[in-house]
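Data first, discussion second: the structure below is written as structure tokens.
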Amino acid sequence: MTFLEQQDFPRFQPRVLARLMKSILVGSVLSTTPLVSLALASDVTTAEAESLEVISVKGSYSRSLERAVDLKKSNTGFSDSIVATDVADFPEQNLAEALQRMPGVTIERNKGLGSKVNVRSLPTEFTHVSINNLATASGSGGRDVEFDIFASEIIQSVTVQKSPSAAYEEGGIAGSVYISTARPFDYSDSKLILSAEGAHNSISKENDPKFSLLASDTFGDWGALMSFSTSQRTNRTDSNSGINFRPMGRFLEASGVRSAQAITVLERDAGVIVNDRLDKNETNRIIFQDKVGDRVYLNDQDKWGATASLQYKPSNTFSLTFDAMLGGYKAVEDEYDAAAYTASSRSTLETIHDYDDTTLAEYGIVVLTDVSYTATQHEFLSKERINDTDFTQYSLALDWQLQGWDINALVGYSGADKTLDYANLKHVAYAPSRSRWTANGGETLASAGFDMYSSPESYLFEAYETELENVTDDKYAAQLDFKKELELGFLPALSSVQFGVRYTDKSKERQFGATKIQGPTAGSSEWVNARTMADSQLQLVTDIVPGGNYQPKDLNWMQISNDYARNTFRYSGFTVPFNAKDYYRVDEEVLSLYAMTNMDFDLAGKPVFLNAGVRAVDTSVLSFGYHQIQNADGSTGFTTEPISKKGSYNELLPSLNMTMEVLDDVLVRAAASETLMRPALTNIAYKRSVSWNSFRFTDGNPDLKPTYAKQWELGVEWYLENGGLLAASYFWKDIEGVVRQELTGKVPNVEKLNANGSLDGYYEFDVYQPVNADGSYKVTGLELIAQLPLSSLHSALDGFGINANYTILDNTLTGSSDLDIPTPPEGLADTTWNFTFYYENESFDARISYNYKDKYVEVIERSLYPVYRDAYGQTDIALGYKLNDNIKLSLKAINVTDEATKGYTLTPAFPVINEYSGRRISLGLRADF
């Protein structure tokens, strides 16, 4: 059994057990990877348990939904699950996209690919993620997990636990995602599964292969299993994007003619009178376009993943399991930009052709929508990002039933190592231009005889910029749990008690460096303003990347390929040194103790199952970072070694989960708990930067405390025949301790030197750090689930069914816009929903699914202007046909209707992104023996 099932599997009423046994006996399980072994309740005899514990029968999508419903019903708290058929049979590109079908789960997309997971639309770092009960290492610089590195084919089951119990590891305010991989005794017989697939992207026109296999067998008391998956993905994205709001202070705060001319043009062409050109509250409300650009991305991914499991199981009362999970992810993204940077340091307003002073009038904002500028900085950029991530996880788990005790132990390691190599070849030309908004975002028109798209000889080399980042993440864990079934005459309601201890030791280190090449040798700058684009090999951008025409509009341009740039501009022996100012390391040790009671009793004649407990958490942090200093000659330097500082906190986290069967197969659930999310690593990293002219230190803060949530949830669930379910729940979260940057103190008598090393004086410096802000905000929501085999309505609908869910949120927090513009928290979508309609019979299955996520704030630009990702809906299709009992042919399609990703600033009247990633069609064959 999995750890999750062991920790929170109540003593079920006979109807639930009967349903589970019926589900098993009629063959309700999986066709691709095995189902988790069932831990049956104490009401079942040992002989019955031995005959039912190991299951290996073929099933279907509807059977996997039925099994997921059984898992949901068996959990005392609020949870949702998907199992292997559901994970594998949808046309998903990775694990993140598989999870988006679950109630309350949404994903963040990057160039058409799911990358990170949001539970109930809270930020990704609010979600705790574990694989085989080990907190998952990630190559991200923070605590969030990059799900796109995991292939969905090697995953067995996923449960999203939305109401914690004391037995669960803390760390997820939004919820916890528990991922399980397969084990050999999940099958009663030997198993071999082979699959192959080819996928086609409609824009890149490339065909990408994917292969996977699973092999498992048992040998008496021993069992062995291994799985492997490898895939390639070539995806092209065309984007007319990058138009940001820019405050007019960019021109008005400049000296001389730039500000004077801007003031004149504003009054002459738009009737805007500037009273104080240095008053940001005034100038921040006069807006123009920052950059108008056209971009083509080519994302080429190679991904592999493997699991292995070795199990020793001499009886149903003892098992020892070694699990391993390995993976590699390499993505090369080429980006080619043709952009007009209207806010260049040489430019100002020339003519305002059109403006909008009504749409945002309630905020006093005037938007210049069509403007000619005196000296726009036109840019041609060739960018390359190489992301190389290796993932490793090992664990040893013990499950032992001894003299009425259930003893579970776990030791394990999870690690990730990520290297990101970035380069940007930049050529620029200064010339007058006219930029304006269109329905697709923006465009730049030729002016003064200069066409930005066809004048390569006018573009001068500025730099070949490079960056190198390395993140290592190591997590060790050990856990020991005890559970004792009880039959106490004086307290018959107390069915069991459980308690345990967990120790984790985590360390994440980030190194980052950046440098520029400006000539053929180190230190040379002879190419700057001398070499032109025409001196390099040029190709049409649609010839550099595979595929057809540029999608947003009828446009093409000449570009320098990244392959040519890397081979030409990186001289022999070139390296990117790491910078001290960007380094950090955070070591974190956590000791958790918990105790929990499980109760089983009748209330007003209705069966009730309840767990109540408390988790005590002791956390110690040791954080490292370099501190910026002045050298003896007045130049800026850093300490020779990282400076370290400790932090710590202790918490008690109570929890209560209760389920009551008010009618046959109608459950009412209630849950209440306190939980936490640990602070972001970038905030507790003990780095220091200094502004010598502003007399300001900016430090990390290892003393930061977590963000806390008090939460409760109430729901009702009606379980129908054949896996049907109608459910509704209302949840409430009060979140406090949100991190903000604030003045935390002052340092007197700080020595400040002049540029020549002479003494300037001694001054008092302010210290700004991230702190836990006072106050709290509330997030409330309603979640609805409908899972219906339509045969329950009429026998003519046998094989048809729907699987749908809907989540709506509300919150009391407004974003941190310095213009007091009411803004939802970043990443929070008010409404999300999924709808799947399916049909299947013995040989054929078909599913069409629609996934919708409402608009949400992606970023607050310059802490002033909220930038939204527009509402997005995507339709996916999966068809399958069994050629015989062992071989199945499948046809799948992602984003069938070729939807574009769009965004805007403040209102849809001012679009900032119009991005096309195309549709993806795949044909696959799977053999199951």
Side chain to side chain, R250 and T283, heavy atoms closer than 4.5 Å: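 SC-SC contact between R250 and T283 ruled out.
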Check: S435 and Q289 side chains under 4.5 Å, non-hydrogen atoms: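 They are in contact (side-chain heavy atoms under 4.5 Å apart), so the answer is yes.
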Rounded distance (nearest 0.5 Å) linking atom [atom1] of [X] with atom [atom2] of [Y]:
{"X": "K705", "Y": "N772", "atom1": "NZ", "atom2": "CG", "answer": "7.5 Å"}
{"X": "Y916", "Y": "K902", "atom1": "OH", "atom2": "NZ", "answer": "4.5 Å"}
{"X": "T905", "Y": "L360", "atom1": "OG1", "atom2": "CG", "answer": "10.0 Å"}

According to the interplanar angle, ranging from 0 to 90°, do the rings of [X] and [Y] count as parallel (below 30°), tilted (30 to 60°) or perpendicular (above 60°)?
{"X": "Y763", "Y": "F695", "value": "tilted"}
{"X": "H427", "Y": "F569", "value": "perpendicular"}
{"X": "H378", "Y": "Y459", "value": "perpendicular"}

Closest non-hydrogen atom pair, K687 against K581: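 In terms of heavy atoms, the two residues are closest at CD-O, 3.5 Å.
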Nearest heavy atoms of T707 and I173, plus distance in Å: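 Heavy atoms of T707 and I173 come nearest at O-CD1, 3.3 Å.
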Donor-acceptor pair, side chain of T374 and main chain of E350, under 3.5 angstrom: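 A pair under 3.5 Å: no.
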Under a 3.5 Å cutoff, is there a donor and acceptor pairing between the side chains of [X] and [Y]?
{"X": "S536", "Y": "R531", "answer": "yes"}
{"X": "Y856", "Y": "N118", "answer": "no"}
{"X": "D356", "Y": "T358", "answer": "yes"}

Ring-face cation contact, Y768 with R696, 6.0 Å cut, 45° max: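 Yes, a cation-pi geometry.
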D818 and K280 ion-paired at < 4.0 Å: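 Salt bridge: no.
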